[in-house]
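In listed order, ligands and their atoms are each counted from 1.
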Amino acid sequence: MTATAVVLAAGMGTRMKSSLPKVMHLVAGVPMLHHVVAAALEAVDEVLVVVGHGRELVTGYLASAFDQRVRTVVQEPQRGTGHAVQIAMSAIEPATAEVLVLCGDTPLLDGDALRGLLGHLRDDPRAELALYFAESSEESYGRVLFDLGRPTAIREARDCSEEEAAVQTKNLGVYAFRAGFLRETLPRLTTKNAQGELYLTDLVELAAGRARGVEAREARFQGVNTRAHLAAADASRRAEIIAAHIDAGASIGPGAVIDQPVTIEPDAVIGPYAVLRGRTRIGRGARVDVGCVLDDVVVHANARLKPYSVLADSEVGEDAHVGPFSHLRPRSRLGRGAHVGNFVETKNTQLGDGAKANHLAYLGDGEIGAKANVGAGTIFCNYDGFQKHKTTIGAGAFVGCDTQLVAPVTVGAGAYVATGTTVTKDVPADALAIGRVAQANKEGYASRLNGRLKAAADAAKAKKSGEGE
Ligand code: UD1
Ligand code: CA
């Protein structure tokens, strides 16, 4: 027996007040539709997403994030949830025995809830469909009417009589159907309702007592219709993600923000207010301290990111140290035990194992050999106004403070660049490069200079007050 999930995602989501299709809004760093499809894939082998508004964007995203088990079908125009499932059925494998139907705007769903509902349908030979309901004060949800313990109808909010409107038993919008029942009854839906749409929920009445209602916890099925719902769903999902990381052996400080795709190995410590985004991976025993922001960063085991460092699309080697206040821009790679300290900016630069740049530097488009030392105030002058050029520093080289390396340029292995040098020519391995103006000392000159400068200042002041009178 095979089951397929149909995810309804063709609607516009007007109440979001956004040009982005509703299901593409982010919850824990990925589109909310992603959470729904991922939950569905835990329960079934094939997912069919009904797309409409913004379908290029939605289809493109699904193709990039999932494999061929996820397909799309277009509903245009959108004539209601029943119409959406009619269109989906035309694209479903004939061998499909059961069909789960869910909405793309319920990002808190999980695989357990969906597997559970399929189980309830399979366990009940008299049921053609199973649905989740909850006692809820949400006014917009459909009312589930019961007789002898079986749901007999769902009344949409806008179609309710006064008596029905008072019913608190609400439809949570997730269903499991026998495929044969859908094929037989979908064509019988009508648009005789307040919205003139084909309601999927009318199938409950058409099941004539062969429906099964399963009570559930409302929070798991929370729909997102507004930005306020989105913020609430984001907070819930992130709280779950953090709980799961803690459960798996990481320490997570208060206020940390962690996207869904992030992975964290045991014994890692994530400090307060750290933000881990995208495909960031934190290795075993690594420490990401207060306020660090990481976007698509790989941090290897036992590395240490000190407070307020900002890293994107970069890699930090085992036992490496970064920060506080370092900025690693895309394609920075630190080797094992490398150090990058405060107010150091790197971009497209590799530091070999044990290499150090501990203070105040710009290292762009560079390659720094193992155990090289880059002094405070060093600048890789990588840009000539038209092109970017590469700076290479050999293993074990020493670059003194306040050095400018005018790229393209190479400092050989073990070479020594004296403080204050502007390096414009390659430095051979083991050579000393020194380029600075010779220093002159003038004995007793400081007090004479001060006297002269003070006299000039006094004269200027006197002249100004004379003009004022
Ligand atoms: C629906 C249910 C309601 C239930 C609620 C739970 C119906 C008629 N009503 O109401 O009983 O309490 O969900 O959240 O089903 N969509 C399409 N094509 C369409 C229309 C809608 O793909 O033609 C999609 C939407 O993008 C959305 C989902 O279906 O993801 C639900 O549609 P929506 O209009 O939000 O239904 P609700 O009013 O929430
Ligand atoms: Ca909805």
Enquirer: In terms of atom number and element, which parts of ligand 1 are under 4.0 angstrom from non-hydrogen atoms of Tyr141?
Expert: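 In order of numbering, the contacting atoms are 6 (C), 12 (O), 14 (O).
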
Enquirer: Check whether any N or O atom of Gln75, backbone or side chain, sits under 3.5 Å from an N or O atom of ligand 1, and answer yes or no.
Expert: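 Between Gln75 and ligand 1 (N or O atoms, distance only) the closest approach is under 3.5 Å.
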
Enquirer: Thr81 heavy atoms, cut-off 4.0 Å: which ligand 1 atoms fall inside?
Expert: 7 (C), 8 (C), 15 (O), 20 (C), 21 (C), 29 (O), 31 (C), 32 (O)

Enquirer: Should you measure from each heavy atom of Thr201, which atoms of ligand 1 turn up under 4.0 Å away?
Expert: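 This gives 7 (C), 8 (C), 9 (N), 11 (O), 15 (O) as the contact atoms.
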
Enquirer: Just by distance, with hydrogens left out, do Lys388 and Asn348 show a side-chain donor and acceptor under 3.5 Å apart?
Expert: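 Side-chain D/A pair, Lys388 to Asn348: absent.
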
Enquirer: Show your working on side-chain contact (heavy atoms from CB on, under 4.5 Å) between Leu203 and Phe181 and close with a plain yes or no.
Expert: CA-CA 9 Å; Leu203 293 182; Phe181 170 78; 4.3 Å; yes

Enquirer: Do Arg155 and Glu205 make a side-chain contact, defined as non-hydrogen atoms from C-beta onward lying under 4.5 Å apart?
Expert: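 Yes, at least one pair of side-chain atoms sits under 4.5 Å.
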
Enquirer: For His83, is the nearest heavy atom under 4.0 Å from an atom of ligand 1?
Expert: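 Heavy atoms of His83 never come under 4.0 Å of ligand 1.
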
Enquirer: Out of all atoms in ligand 1, which are within 4.0 Å of some heavy atom of Ala9? Include the element for each.
Expert: 22 (O), 26 (O)

Enquirer: Indicate yes or no: does an N/O atom of Val50 lie under 3.5 Å from an N/O atom of ligand 1?
Expert: no

Enquirer: Pull out every atom of ligand 1 sitting under 4.0 Å from any heavy atom of Gly142, numbered as shown with elements.
Expert: 3 (C), 4 (C), 11 (O), 12 (O)

Enquirer: Counting only heavy atoms not in Arg279, do more than 12 fall under 6.0 Å of its CZ?
Expert: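 Check fails, neighbour count at 12 or below.
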
Enquirer: Is the closest heavy atom of Gly80 to ligand 1 under 4.0 Å?
Expert: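 Judged by the 4.0 Å heavy-atom criterion, Gly80 does count as contacting ligand 1.
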
Enquirer: Is it the case that ligand 1 has an N or O less than 3.5 angstrom from some N or O of Tyr175?
Expert: no

Enquirer: Strictly below 4.0 Å, N to O, side chains only: are Arg237 and Asp259 in salt-bridge contact?
Expert: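 No, this pair does not count.
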
Enquirer: Output yes when the distance from some N or O of ligand 1 to some N or O of Leu200 is under 3.5 Å, and no in every other case.
Expert: no

Enquirer: State whether a side-chain donor-acceptor pair under 3.5 Å links Tyr199 with Asp159.
Expert: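 Indeed, the side chains of Tyr199 and Asp159 share at least one donor-acceptor pair under 3.5 Å.
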
Enquirer: Using distance alone, determine whether Ala84 and ligand 1 share an N or O pair under 3.5 Å.
Expert: no

Enquirer: Find all atoms of ligand 1 within a distance of less than 4.0 Å from any non-hydrogen atom belonging to Gln78, and give their numbers and elements.
Expert: 19 (C), 23 (O)

Enquirer: Please indicate whether any nitrogen or oxygen in Leu8 is less than 3.5 Å from any nitrogen or oxygen in ligand 1.
Expert: yes

Enquirer: Considering only heavy atoms of Arg79, which atoms of ligand 1 have at least one such atom less than 4.0 Å away?
Expert: 23 (O)

Enquirer: How are the rings of Phe133 and Phe146 set to each other: parallel, tilted or perpendicular (split at 30° and 60°)?
Expert: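 Because their plane-to-plane angle is over 60°, the rings of Phe133 and Phe146 count as perpendicular.
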
Enquirer: Could you check whether Arg336 pairs with Glu318 (Lys NZ or Arg NE/NH1/NH2 to Asp/Glu carboxylate O, under 4.0 Å)?
Expert: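 Result for this pair is yes, salt bridge flagged.
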
Enquirer: Polar-atom distance check: Lys22 versus ligand 1, any N or O pair below 3.5 Å?
Expert: no

Enquirer: Crowded around Glu135 CD? As in, over 12 foreign heavy atoms under 6.0 Å?
Expert: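 Enclosed.
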
Enquirer: Please determine whether a side-chain nitrogen of the Lys or Arg among Glu98 and Arg122 lies less than 4.0 Å from a carboxylate oxygen of the Asp or Glu.
Expert: yes

